[in-house]
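Residue numbers start from 1 in every chain, and the chains themselves are labelled A, B, ... in the order their sequence lines are given, proteins ahead of strands. Both backbone and side-chain heavy atoms feed into the values below; hydrogens, waters and symmetry mates do not.
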Amino acid sequence: MTTSLRNIITRHNPITLLDSSFGPVALAHVHQIHAQLLVHGHLNYPLLFVQFLAAVALLSPSNTTPSSPQHHERQLLLLYSQRLLDYSPHPPTTFVLNSLIRAHSRGPDPAPAFRFYRRLLCSPDALSPDRFTFTFLVGSCGRGGPSSAAGEIAHAAALRRGFVSNPHVHSALIRMYAQFGLLDAARRVYDELPDPDLVSRTAMLGAVAAAGDIVLARELFDSMPRRDPIAWNAMIAGYSQVGRSREALELFSSMQLEGVRVSVATLVSVLTACAHLGALDQGKWVHAYMQRNRLRVTVTLGTALVDMYSKCGDVGRGMDVFWRMQEKNVYTWSTAMSGLAMHGAGKECLDIFELMKEHGVLPTGVTFVSVLRGCSVAGLVEEGRRHFDSMRDQYGIDPWHQHYGCMVDLYGRAGRLDDAVHFINSMPIEPHARAWGALLNACRIYRNIELGEYAMKKMVEMESKNHGAYVLLSNIYAESRNWGGVNDVRESMKAKGVRKEPGCSVIEVGGEVHEFFVGDNSHPRYREIEVMLREISRRLRLAGYAAKTNAVMFDIEDEEKEDAVCWHSEKLAIAFGLIALGEGASIRIVKNLRVCWDCHDATKLISKVFQRDIVVRDRNRFHHFRDGMCSCMDYW
DNA sequence: TTAGGGTTAG
């Protein structure tokens, strides 16, 4: 081809219209462009033919939700590019096959990528795979299926042909083994290079966050000769993923102090940390930062924002964000549903579920956890049963332990204890401790000692050190003033060396997170807190409240009952909130355990006597206290 | 003409 002809073709090249920066391309466009190329005879030129094929193939890779219209479209584009290859007048080149391997590498199944790899090896023109081939081929492994065999084959081939030290292949291998959870294998690859580059170091750091070894991850981070924004993100994400949320936020502060560029990925991890901590002020700050810097609200970022608002107690604002989001995926819908269920808005949760289905989004197992919780908090037993049955019948999802647990909870909360027991007995899988736990909680609500003892026995058989079982049973006895029973539980805990997880409540004041443990006097403003606690007791007593000392049995080791009630971590946090927050500001607490009856009653009364809205997130759900009432209607 | 690391729901 002469240079002038090439220029003309390039200038009017319709293939450039397939560039992904033009946004989604419909198959119809591809047909049009194909027709044009044919009419003008452009496809006779191998270069343009190859360019066209590669462009079509590259339109397809993306993580679309199976069965979504976009997914279908992309599958058709993949088929289209394969047809082009099959009917090509030109022999395939490594570039063309690389393009197809890459196109398949983003999908859930590495098999088609390997098909094209074999085609490359068996080509009559004796083509050889190159560094690009292995980057894509390795990248296709690790996402789908439990088998790491394909990945090992790709690794071996890359090794044989000497491509492992290519930085792209090297980092792809580390990431692949990390995705299989094979940390040792990732480490061996990492150690093969004497001086891995920043990308490989970050991949290794990510592999060590994912495996939960946060200390080693931090060592890797600190030992990096140089760090770019992605390395910072990886470390922040690591903290966030293992629940070390405070460290995540601290590192985010350092990142800003050092003037490192903040990206969407950073903010997603920061929002996750805020959601975990219940740090609404900091979460709001991130939202404002996004608006100030006009950051594009991607699906992931928007979803993280919805989650943050819901988990920080402001589900209304979370739903505002949700409705404004242009693009929603199954994560977004499930997050919103989970938030609504957590706040007791079961009916709304189910409405969103219907809307999601109308939008053609396929629910996952996680979605159904929210659906069933929504039914549970709304007391919709039959509807819950229908949804549970539809999981397998309509969507081919085998229920997980969690779904069975939700069903027991659903029957139990509705007072249908017999149905709950029957459900457990008819489970096709071995009932797990949580299922018995849900039954035990129902026995607490409905004060069924006999069944409660049985559920507890089953629960302890499975998890002998599950302190939750002991606490629940102890409460059942205490509620019925069966002090002998309470004592037995206490002795049995001591004998088995079971310790109750210490209660911890967190409250955010002025963007700072304050943490309180049971009987904790380490806070710098403890003196004032103590005075406020006395004031609370005085005013509650005036209002006719007597502490329910039986709930003290939560604190198995504490002998001073009356005092201990006052010292539960959420009371400390509430007292601090009353002191440190402005007049009328609502108090938001995040607690690691379930709220006990006494704290629940006391908080209701505090909300009335002090005229304060109090929002408590406990292990399971939210409680909105206002004017002496709680949104859970004493049902949790 | 092709490339690697960080990002969401229970």
Side-chain angles (χ1 to χ4, degrees), chain A residues 10 13 15-16 46-55 57-58 93-103 105 130-139 163 166-176 178 190 196-207 209-210 221 224 227-238 240-241 263-272 275 298-308 310-311 325 328-339 341-342 363-373 400-403 405-406 434 620:
Chain A
T10 313
N13 186 353
I15 299 170
T16 53
L47 187 80
L48 278 185
F49 184 88
V50 158
Q51 203 183 340
F52 178 59
L53 191 155
L58 292 183
T93 59
T94 302
F95 171 72
V96 162
L97 292 166
N98 281 352
S99 301
L100 285 158
I101 293 173
R102 183 197 167 191
S105 74
D130 58 12
R131 58 196 193 283
F132 295 99
T133 315
F134 287 106
T135 309
F136 303 142
L137 194 66
V138 170
F163 287 110
N166 174 280
H168 294 268
V169 178
H170 188 241
S171 54
L173 280 168
I174 295 170
R175 184 162 192 262
M176 176 195 83
Y190 181 76
D197 73 358
L198 178 61
V199 177
S200 286
R201 283 174 193 272
T202 311
M204 192 62 221
L205 169 61
F221 180 74
M224 281 181 171
R227 301 180 199 106
D228 68 356
I230 296 186
W232 282 86
N233 292 350
M235 192 65 231
I236 292 175
S240 184
Q241 280 159 10
S263 69
V264 166
T266 325
L267 296 181
V268 171
S269 296
V270 171
L271 284 171
T272 306
T298 59
V299 195
T300 312
L301 186 56
T303 305
L305 202 55
V306 174
D307 189 47
M308 182 279 294
S310 320
K311 288 198 179 139
M325 283 172 68
K328 301 179 180 76
N329 63 18
V330 68
Y331 281 76
T332 322
W333 292 94
S334 305
T335 302
M337 288 169 57
S338 156
M342 215 187 296
T364 67
V366 176
T367 320
F368 275 103
V369 173
S370 297
V371 171
L372 298 178
R373 292 192 77 181
W400 313 333
H401 276 122
Q402 250 175 323
H403 299 112
C406 286
R434 283 282 182 91
N620 274 351

Nucleotide range of DNA chain B lying under 4.0 Å from chain A heavy atoms: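 Both ends considered, the range comes out as B:dT1 to B:dG10.
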Identify whether any heavy atom of [X] sits under 4.0 Å from a base atom; if not, whether one sits that close to sugar-phosphate; answer base, sugar-phosphate or nothing.
| X | result |
| --- | --- |
| A:Lys328 | nothing |
| A:Ala237 | sugar-phosphate |
| A:Leu305 | nothing |
| A:Thr335 | sugar-phosphate |
| A:Asn98 | base |
| A:Ser263 | base |
| A:Ser338 | sugar-phosphate |
| A:Arg201 | nothing |

The criterion is salt bridge (charged side-chain N to carboxylate O under 4.0 Å, His left out); which residues satisfy it with A:Arg201, sequence neighbours excluded?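 Only A:Asp195 meet the salt bridge (charged side-chain N to carboxylate O under 4.0 Å, His left out) criterion with A:Arg201.
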Distance (rounded to the nearest 0.5 Å) between [X] [atom1] and [Y] [atom2]:
| X | Y | atom1 | atom2 | answer |
| --- | --- | --- | --- | --- |
| A:Ser200 | A:Ile174 | OG | CD1 | 4.5 Å |
| A:Lys311 | A:Ser338 | NZ | OG | 6.0 Å |
| A:Met224 | A:Leu198 | CE | CG | 5.5 Å |
| A:Leu271 | A:Leu301 | CG | CG | 6.0 Å |

Derivation of the side-chain hydrogen bond (donor to acceptor under 3.5 Å, both in side chains) call for A:Asp307 and A:Ser310: CA-CA 5 Å; A:Asp307 189 47; A:Ser310 320; 5.5 Å; no
Does A:Arg227 count as lying over the ring of A:Phe221, i.e. NZ or CZ under 6.0 Å from the six-ring centre, within 45 degrees of the axis?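 Yes; both conditions hold, so A:Arg227 lies above the ring face of A:Phe221.
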Please report the C-alpha distance between A:Thr364 and A:Thr367 in whole Å, then the side-chain angles of each, then the deciding distance to 0.1 Å, and finally whether the side-chain hydrogen bond (donor to acceptor under 3.5 Å, both in side chains) criterion is met. CA-CA 5 Å; A:Thr364 67; A:Thr367 320; 3.2 Å; yes
For A:Asn620 and A:Arg373, work out which heavy atoms get closest and say how close. O-NH2, 2.7 Å
Note: contacts of residues 364-371 of chain A with DNA chain B (heavy atom, under 4.0 Å) are A:Thr364, A:Val366, A:Val369
